[in-house]
**Student:** 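Okay, handing you the structure first.
Predicted model only: the values in this text are computed from it and were never measured. Here is how names work: the chains are called A, B, and so on, in the same order as the sequence lines, proteins then strands, and each is numbered from 1.
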2 protein chains.
Amino acid sequence: MFGNNKSILYFAITLVSVENTITKSSRIREKRKSSKIVKELNKYISVDCVIFGFDYDNLNVLLVDRTLNNDVNGEVLFSDMTLTGNHIYEDEKIEDAASRVLFDLTGLEGIYLEQFKTFANPDRISKPNDRAWLLNDGRDPNKRIVSIGFFALLATQDVTLEWKGRNVKWVPVNEVKELAFDHNDILDEALIALRNKLLQEPIGFELLPDKFTLSQLQKVYEIILGTELDKRNFRKKVARMKYLIPLDEKQKGVAHKPARLYMFSCDVYENTRKDIFGFIV
Amino acid sequence: MFGNNKSILYFAITLVSVENTITKSSRIREKRKSSKIVKELNKYISVDCVIFGFDYDNLNVLLVDRTLNNDVNGEVLFSDMTLTGNHIYEDEKIEDAASRVLFDLTGLEGIYLEQFKTFANPDRISKPNDRAWLLNDGRDPNKRIVSIGFFALLATQDVTLEWKGRNVKWVPVNEVKELAFDHNDILDEALIALRNKLLQEPIGFELLPDKFTLSQLQKVYEIILGTELDKRNFRKKVARMKYLIPLDEKQKGVAHKPARLYMFSCDVYENTRKDIFGFIV
DNA sequence: AATTCTTTGTGTACTTTATACACTTAAAGC
DNA sequence: GCTTTAAGTGTATAAAGTACACAAAGAATT
């Protein structure tokens with residue numbers, strides 16, 4: 001019934017019609033006008049977004065500067081970084097809150113976003129800096145805050161960072177220092193979830209531009225899984241994945257033999273995917 | 001670095017010493033005295049436990065009867081079922097809250113429990129019955145409640161249900177009718193998470209008694225994955241899993257050839273597991 | 001125009017795993 | 001001792017995993 005069914009349904013797609021049928025998971029990356037209606041924020045529920053960005057060399061995570069100044073003399077009391085996140089509006093779905101955080105930072109919509117874990121232990125706001133930060137912000141550090149963790153995947157070159165006022169930047173995940181609150185834990189769990197997902201479903205392309213080369217895709221796997229892969233074997237493997245559509249188009253402006261470009265076809269994937277596979281079947 | 005390393009570390013374990021080194025994931029199923037200190041419950045955060053129980057024929061889920069009577073004449077206003085769950089105490093970790101719910105219902109500790117998803121959308125308490133139920137209970141149905149979903153795995157025969165006052169029972173997952181709140185959604189997501197996990201890591205034995213036969217283990221996979229497996233191929237596959245330890249002991253009291261019993265060795269598993277495996281490596 | 005540099009793109013032999021398939025054996029109940 | 005029931009085992013074929021090396025394409029340099 002499940003299992004590795006070899007005679008799977010397979011939709012033939014000609015190279016001519018490819019551009020029409022291919023989207024990033026049927027969602028489109030585009031800008032929109034911010035049409036946020038100001039409503040009341042829920043004080044107890046927040047979403048934290050671990051926004052991963054790939055730049056061909058590193059897996060990066062988007063971090064926000066958190067600097068607390070002395071009210072009187074302006075002296076810097078401490079300065080560190082946090083993951084991106086926000087409290088949710090009272091009538092807002094949590095997925096929408098995560099999309100909103102992402103949109104406010106990147107101006108992008110429709111990018112890959114997945115809930116991976118929730119953090120709600122009573123001691124998650126216990127460090128002095130965290131308490132001082134919340135107090136300064138008029139919040140009660142003794143109240144438990146539930147943080148629902150999402151991770152997002154995008155190509156760094158697809159995004160021009162825009163966050164009014166606060167400093168936000170890409171940091172390679174293996175260069176991340178001590179973060180605010182329990183954000184190191186959240187990042188660690190996001191990485192675990194990302195690795196698992198990457199081994200389970202074809203989401204590697206979400207970290208690349210719409211058109212990508214096989215070497216770029218291979219690099220995604222190598223960097224995130226921390227392993228080296230053989231080029232020929234990797235290509236043999238992806239050749240079996242009919243949803244990776246070769247285009248009649250090549251890389252431009254590279255000082256070497258230009259590679260063929262590929263796209264991911266969500267349609268083909270949905271129609272050819274095996275139900276489940278892994279440990280036993 | 002990762003990948004399918006064939007020369008994996010392997011601890012030889014003789015049949016003589018097996019009983020000492022084998023536990024259910026190093027945790028012990030035992031009873032304890034309830035030592036709950038009554039503290040304040042957080043009104044906004046709850047845990048819902050999808051408690052799965054396997055009985056060799058079905059995958060069951062533990063459900064609680066929810067009947068609302070008219071205060072005046074005692075007439076039954078409605079009667080349906082819910083998943084098991086509770087709000088958390090103000091100083092309690094969410095994993096501890098889930099363990100507590102489980103312990104209160106089953107008297108068991110140390111059983112497999114995993115956070116799988118959080119449910120917090122604003123419309124999750126919108127059905128009239130749900131609102132009436134909360135009102136009757138002195139709670140505000142307009143306040144958003146975050147529910148952190150956990151699933152638990154156990155063998156139904158390991159547990160004698162004990163919940164003072166309220167009716168609680170095992171229901172086969174494919175016979176579950178409409179549940180309270182968004183509990184059908186939660187159950188569906190728990191099933192998806194269970195299937196994924198079952199294909200990813202050896203947790204099937206968590207649904208069986210400590211000592212089990214290979215046919216019982218096979219049945220776990222068949223029922224949960226909804227597929228039929230070939231007996232010889234299944235055994236060939238588990239023969240490679242060194243953490244399934246054959247015992248010098250056989251089934252008793254069965255009207256046919258008794259099967260050899262096996263145990264899961266958490267030690268061997270931890271020492272021989274490949275780091276990650278699946279889609280690409 | 002020729003040379004260098006860099007990355008692309010391809011094939012084969014071997015090993016391991018997956019799949020399909022049927023009969024004998026052990027114990028209990030009658 | 002005969003029947004019933006599930007346990008336990010092997011082989012042949014197909015598919016996938018793994019290890020490994022060199023020619024070709026374009027850009028940059030001389």
Side-chain angles (χ1 to χ4, degrees), chain A residues 1-8 10 56-57 199 202 208 211-222 225 227-242 244 246-262 272 274-281, chain B residues 1-8 10 56-57 199 208 211-223 225 227-242 244 246-262 272 274-281:
Chain A
M1 188 169 174
F2 296 103
N4 289 353
N5 183 0
K6 293 305 176 301
S7 58
I8 43 181
Y10 168 38
Y56 304 142
D57 289 317
L199 289 167
L208 294 169
K211 300 174 183 182
F212 51 86
T213 72
L214 293 187
S215 293
Q216 288 165 354
L217 187 62
Q218 184 178 336
K219 199 97 194 259
V220 167
Y221 285 94
E222 289 182 334
L225 302 179
T227 184
E228 290 209 344
L229 300 172
D230 179 84
K231 200 201 312 194
R232 278 175 288 190
N233 294 340
F234 181 79
R235 281 159 192 255
K236 223 185 299 178
K237 195 143 186 170
V238 299
R240 265 177 261 137
M241 303 170 183
K242 303 301 184 198
L244 280 184
L247 303 177
D248 271 344
E249 200 176 337
K250 299 195 168 194
Q251 256 183 329
K252 284 186 188 106
V254 285
H256 54 78
K257 177 173 175 177
R260 159 164 264 162
L261 294 173
Y262 286 75
T272 60
K274 306 169 190 89
D275 286 87
I276 37 178
F277 54 101
F279 190 56
I280 289 287
V281 292
Chain B
M1 189 169 171
F2 296 103
N4 288 355
N5 183 1
K6 294 303 177 302
S7 59
I8 42 182
Y10 168 40
Y56 304 142
D57 289 316
L199 289 167
L208 294 169
K211 299 175 184 182
F212 52 86
T213 72
L214 293 187
S215 293
Q216 288 165 354
L217 187 62
Q218 184 178 334
K219 199 96 193 261
V220 167
Y221 285 94
E222 289 182 332
I223 286 180
L225 302 178
T227 185
E228 290 210 344
L229 300 173
D230 179 84
K231 200 201 308 196
R232 277 175 288 189
N233 293 340
F234 181 81
R235 280 158 194 255
K236 226 183 296 178
K237 196 143 186 170
V238 300
R240 265 178 260 135
M241 304 169 182
K242 303 301 185 198
L244 280 184
L247 303 177
D248 271 344
E249 199 175 337
K250 300 197 168 190
Q251 257 184 329
K252 283 185 190 110
V254 286
H256 54 79
K257 178 172 175 177
R260 159 162 266 162
L261 294 173
Y262 287 75
T272 59
K274 306 167 190 92
D275 287 85
I276 37 179
F277 55 101
F279 190 55
I280 289 287
V281 293

**Student:** What is the distance from CG of B:D57 to P of D:dA6, rounded to the nearest Å?
**Tutor:**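 Interatomic distance, CG of B:D57 to P of D:dA6: 11 Å.
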**Student:** Is there side-chain contact between A:H256 and A:Q251, with at least one heavy-atom pair below 4.5 Å?
**Tutor:**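 Yes, close enough: below the 4.5 Å cut-off.
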**Student:** Please assess B:E249 against B:K211 for the test salt bridge (Lys or Arg N to Asp or Glu O under 4.0 Å), listing each intermediate value before the final yes or no.
**Tutor:** CA-CA 9 Å; B:E249 199 175 337; B:K211 299 175 184 182; 3.0 Å; yes
**Student:** Without decimals, in angstroms, what is the distance between A:R232 CZ and D:dA16 C1'?
**Tutor:**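 My rounded result for the distance is 17 Å.
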**Student:** Rounding to a whole Å, what distance do you find between B:Y56:OH and D:dT5:C1'?
**Tutor:**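 Interatomic distance, OH of B:Y56 to C1' of D:dT5: 17 Å.
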**Student:** The side chain of A:A259 is closest to which nucleotide in this list: C:dT8, C:dC21, C:dA26?
**Tutor:**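 Side chain of A:A259 sits closest to C:dT8.
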**Student:** Could you check whether any side-chain heavy atom of B:L208 comes within less than 4.5 Å of a side-chain heavy atom of B:Y262, counting everything from C-beta outward?
**Tutor:**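 No, every pair of side-chain atoms sits at 4.5 Å or beyond.
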**Student:** D:dA7 C1' sits how many Å from B:D230 CG, rounded?
**Tutor:**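 One finds 14 Å between C1' of D:dA7 and CG of B:D230, rounded.
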**Student:** Could you tell me whether the side chain of A:L217 reaches within less than 4.5 Å of the side chain of A:F234, counting heavy atoms only?
**Tutor:**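 Yes. Closest side-chain heavy atoms under 4.5 Å.
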**Student:** Judged by each residue's nearest nucleotide on DNA chain D, which is more toward the 5′ side, B:L261 or A:K236?
**Tutor:**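 The residue mapped nearer the 5' terminus is B:L261.
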**Student:** Applying side-chain contact (heavy atoms from CB on, under 4.5 Å) to B:F212 and B:L244, what does each step give before you reach the verdict?
**Tutor:** CA-CA 10 Å; B:F212 52 86; B:L244 280 184; 3.7 Å; yes
**Student:** Would you say the side chain of A:D248 lies within less than 4.5 Å of the side chain of A:L261, judging by non-hydrogen atoms?
**Tutor:**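 The answer is no; the side chains never approach within 4.5 Å.
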**Student:** With a cut-off of less than 4.0 Å, is there a side-chain N or O of B:S215 near OP1 or OP2 of D:dA7?
**Tutor:**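 Yes, within the criterion.
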**Student:** Do any of residues 250-257 of chain A sit with a heavy atom less than 4.0 Å from DNA chain C, and if so which?
**Tutor:**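 Those residues are A:H256, A:K257.
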**Student:** Just wondering, do B:K219 and B:D57 contact through their side chains at under 4.5 Å, heavy atoms?
**Tutor:**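 B:D57 vs B:K219: side chains touch.
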**Student:** Separation of B:L229 atom CG from C:dC21 atom P, in whole Å?
**Tutor:**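 After rounding, the reported distance stands at 15 Å.
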**Student:** Once you round it to whole Å, what is the distance between C1' of C:dG11 and CG of A:N233?
**Tutor:**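 A:N233 atom CG is separated from C:dG11 atom C1' by 11 Å.
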**Student:** In whole Å, I'd like the distance from the CG atom of A:L217 to the P atom of C:dG9.
**Tutor:**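 Interatomic distance, CG of A:L217 to P of C:dG9: 13 Å.
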**Student:** Is any side-chain nitrogen or oxygen of A:R240 closer than 4.0 Å to OP1 or OP2 of D:dG17?
**Tutor:**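 So the side-chain polar atoms of A:R240 do come within 4.0 Å of the phosphate oxygens OP1 or OP2 of D:dG17, strictly under.
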**Student:** Rounded to whole angstrom units, what separation is found between the CZ atom of A:R260 and the C1' atom of C:dG9?
**Tutor:**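 The distance from CZ of A:R260 to C1' of C:dG9 comes to 11 Å, rounded to the nearest Å.
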**Student:** Under 3.5 Å, is there an N or O donor on one side and an acceptor on the other linking the side chain of A:K231 and the base of C:dG9?
**Tutor:**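 Between C:dG9 and A:K231, which were checked side chain against base, a qualifying N/O pair under 3.5 Å is present.
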**Student:** Looking at C:dT8, D:dA21, C:dA22, which one has an atom nearest to any side-chain atom of A:R235?
**Tutor:**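 Of the candidates, C:dT8 comes closest.
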